[in-house]
Amino acid sequence: MKRFLCGGVTLIALTALVMAQEGVRVITRPTLPSRDVFDRLGLELAWRAHLKFQNGRDGIFSIQLIPSKDGPDMVVQTLAGAVYLIDAETGEQKWRVPLEGKVMTAAGANSRSVFVARSDRLFVLDRKTGMHRLFLKEEGFPEAITGYKLPGPPSAPLTADDGGLFVTMGQRVTAYLHPDFALALELTKKDRDKKAAATGVDEKPPIELEKLKAELEKIKEDAEKKKGDERKDSSLQPVELWSYYTTATVIQQAPITTYEKVCVVTSAGNFLALNRFETFLSFEFKTQGDVSAPMGQYGLTAFVGSDDYCLYALNMHSDKITWRFVAQAPIYRKPEVTDSDIYVTADKIGMYRLIRETGEKVWVNARAEQFLAANPKFVYALDRQGFVLILDALRGTTLAAWDARDWTMHLANEWTDRMYLAAQDGQIIAVRNRDLPTPFKSRTYFSLRKEAPKQAEEEKKDDVEKKIDDKKDEKKDDKKDEKKKDDKKDDKKGDKKDGKAEQKMGRLGDSRPTPVLARWERRDAPVAYAPGSPSRCKLSAWLLS
């Protein structure tokens with residue numbers, strides 16, 4: 001009996017030790033709920049995808065949404081190193097790229113590329129095709145070496161935008177200027193076309209064996225002469241702009257960027273606002289507790305949740321605290337931000353809905369633990385047991401619940417109203433409200449590049465229209481002047497006839513009274529008056545003699 005007891009205690013201890021280790025995966029094979037369950041909840045399956053893994057040890061490492069103007073995409077990284085890009089609206093797989101090395105962090109992306117890290121190596125993939133952007137050709141290697149070697153493995157997810165790439169490695173933040181690969185390809189194509197046009201060769205001539213052998217020998221001779229040219233056919237490489245070292249603890253959360261600033265937060269609660277173009281600290285803020293949750297962002301405002309029960313809204317350009325919300329417990333989850341609201345969870349207290357601009361509390365639901373998605377009528381959240389909750393968006397009360405414990409991976413969607421659930425067997429589903437067949441955009445996508453203001457174009461159009469109106473008014477005035485001249489001529493003719501008649505009447509001895517008539521005499525408006533305004537008029541007396 002004692003042996004069995006000792007064996008049971010040992011088994012329990014080993015199980016606890018394994019569960020305490022990081023990276024433990026719960027492998028499930030969930031099935032879709034029935035049609036009756038979806039009808040009861042008012043939901044509908046938008047799409048379903050099933051990723052194929054290499055072996056039984058493979059699984060999903062991370063799943064995330066990357067926004068764009070046309071709608072968000074889904075990036076999935078597996079434990080074996082593969083990267084998938086899936087259309088978040090339709091579930092269509094755009095491309096899959098296998099990579100070697102240990103997956104370190106979540107991916108970063110901009111409008112043109114996807115950035116992933118494997119150990120201390122950075123890979124840049126084309127967002128449309130999945131082709132490698134970075135490669136290096138060195139002497140002694142027949143194939144190009146893909147990727148770019150970093151000074152060390154990243155300690156936080158990568159952050160990228162159209163202006164640069166920002167990598168955190170321990171207490172260090174490094175800014176890289178990545179080249180515009182699409183523009184470089186266009187320029188090389190143009191150069192080739194110019195050379196072809198200059199030589200006048202449009203089509204390739206037929207190949208002859210003797211000439212081909214001679215060309216091959218020349219190529220070998222040129223290769224022997226140019227052995228020192230190691231990186232001639234390599235791609236454009238990133239350029240390190242600056243590195244900043246913090247005196248605080250390790251940076252474990254992804255940086256956030258604007259068109260002027262790069263902001264990071266340390267695990268000790270130090271919020272640092274850096275100039276993105278040079279190593280310059282413009283603003284520093286210290287929370288009263290540690291920070292273990294990723295930061296939220298909307299425009300120029302950063303939202304930082306801390307262990308001191310507070311959620312801070314910090315303006316990254318004015319270097320001021322916009323507002324502060326005090327919860328009833330520490331904040332360990334990322335605040336999810338939409339155009340109008342913020343959803344933040346306090347430990348063992350529940351999920352709050354706040355007004356984004358002021359931080360005022362709308363409601364709190366004690367059962368909700370993680371935000372999933374939202375639309376104007378409902379908010380979808382997850383509780384501690386893994387049930388999907390459907391909440392009233394106005395009052396925050398729980399309307400219905402769905403047992404989704406077999407779907408062990410959940411994705412917070414602050415861009416649309418779609419719910420995304422996944423499992424370690426490779427299944428990914430998107431669930432939507434049955435009354436919203438098209439995605440409801442709950443957050444606006446902001447691009448780093450400033451678009452040209454439309455006011456200048458509108459002012460140009462207005463000036464052109466004004467000039468056209470001025471010309472029309474001038475033509476009308478000319479016509480009116482011509483009419484006036486014709487009227488005066490007619491009046492003079494009439495005066496002459498009246499004079500002759502009076503002379504005849506005077507000869508007969510008849511006298512005629514002289515009446516006084518009033519007439520409007522129009523005068524042209526001065527240049528200072530706007531076109532189309534009424535011209536000045538003067539009332540003048542006109543005597544008939």
Side-chain angles (χ1 to χ4, degrees), residues 25-53 56 58-68 70-80 82-96 106-107 336 343 368-375 377-391 398-443:
R25 297 183 295 125
V26 179
I27 301 176
T28 58
R29 292 176 175 82
T31 58
L32 293 176
S34 61
R35 183 70 181 180
D36 296 337
V37 175
F38 273 157
D39 290 341
R40 179 177 60 84
L41 300 174
L43 301 176
E44 189 173 331
L45 182 66
W47 55 264
R48 178 187 182 185
H50 198 166
L51 306 181
K52 294 181 180 180
F53 297 144
D58 198 0
I60 297 177
F61 174 81
S62 66
I63 178 172
Q64 62 189 109
L65 290 177
I66 54 175
S68 67
D70 300 331
D73 292 326
M74 182 182 295
V75 177
V76 182
Q77 296 188 83
T78 65
L79 297 174
V83 182
Y84 294 82
L85 187 70
I86 301 173
D87 191 339
E89 183 177 350
T90 62
E92 180 184 0
Q93 180 179 322
K94 294 185 176 181
W95 47 260
R96 174 187 178 274
E336 305 297 339
Y343 299 91
E369 182 72 14
Q370 180 183 353
F371 171 82
L372 294 179
N375 59 43
K377 293 184 179 180
F378 305 105
V379 176
Y380 304 99
L382 201 74
D383 67 357
R384 300 176 186 87
Q385 286 76 28
F387 284 78
V388 174
L389 306 179
I390 302 177
L391 311 179
T398 303
L399 303 177
W402 165 37
D403 185 2
R405 288 176 290 181
D406 291 339
W407 302 93
T408 56
M409 302 192 71
H410 318 95
L411 182 60
N413 182 13
E414 56 186 8
W415 300 97
T416 62
D417 63 330
R418 285 351 189 201
M419 282 190 297
Y420 298 104
L421 307 175
Q424 285 295 341
D425 65 342
Q427 292 189 72
I428 304 174
I429 61 172
V431 183
R432 65 172 179 85
N433 188 288
R434 62 186 177 188
D435 297 332
L436 297 173
T438 58
F440 173 78
K441 294 183 180 181
S442 53
R443 177 169 174 172

field: Sidechain-backbone polar pair: Gln427 side chain, Pro30 backbone, donor-acceptor under 3.5 Å
entry: yes
- prompt: Among all residues two or more places apart in sequence or in another chain, which pass the salt bridge (Lys or Arg N to Asp or Glu O under 4.0 Å) test with Arg384?
  reply: Glu369
field: salt bridge (Lys or Arg N to Asp or Glu O under 4.0 Å) against Glu44, all qualifying residues, sequence neighbours excluded
entry: Arg432
Solution key, residues 409-419 side-chain donor-acceptor pairs under 3.5 Å, sequence neighbours excluded:
| unit_1 | atom_1 | unit_2 | atom_2 | d |
| --- | --- | --- | --- | --- |
| His410 | NE2 | Trp407 | O | 2.7 |
| Asn413 | OD1 | Trp415 | N | 3.1 |
| Asn413 | OD1 | Thr416 | N | 3.2 |
| Asn413 | ND2 | Thr416 | O | 3.2 |
| Asn413 | ND2 | Thr416 | OG1 | 2.6 |
| Asn413 | ND2 | Arg418 | O | 3.0 |
| Glu414 | OE1 | Val337 | N | 2.9 |
| Glu414 | OE2 | Arg443 | NH1 | 3.0 |
| Asp417 | OD1 | Phe440 | N | 3.0 |
| Arg418 | NH1 | Leu436 | O | 3.2 |
| Arg418 | NH2 | Pro437 | O | 2.8 |

message: Holding to ring-ring contact (aromatic ring centres under 6.0 Å, His included), I want the full list of residues that pass it with Phe371, two or more places apart in sequence or in another chain.
response: Tyr343
- request: List for me each residue that meets side chain to side chain contact (heavy atoms under 4.5 Å, CB included) alongside Thr78, sequence neighbours excluded, and say none if there are none.
  value: Phe53, Asp58, Ala80, Ala82, Tyr84
With Asp403 via salt bridge (Lys or Arg N to Asp or Glu O under 4.0 Å) - residues at least two apart: Arg405
task: Taking side-chain hydrogen bond (donor to acceptor under 3.5 Å, both in side chains) as the test, write out the residues that go with Lys94, two or more places apart.
output: Asp73
- prompt: Taking only residues two or more places apart in sequence or in another chain, which ones pass side-chain hydrogen bond (donor to acceptor under 3.5 Å, both in side chains) with Thr90?
  reply: Asp87
message: I'd like to check the side chain to side chain contact (heavy atoms under 4.5 Å, CB included) partners of Thr438; sequence neighbours left out, ordered by chain and number.
response: none
- request: List for me each residue that meets side-chain hydrogen bond (donor to acceptor under 3.5 Å, both in side chains) alongside Thr398, sequence neighbours excluded, and say none if there are none.
  value: Asn365
message: Checking Asp406 now: which residues fulfil salt bridge (Lys or Arg N to Asp or Glu O under 4.0 Å) with it, not counting sequence neighbours?
response: none
Results of side-chain hydrogen bond (donor to acceptor under 3.5 Å, both in side chains) for Arg434 - residues two or more places apart only: none
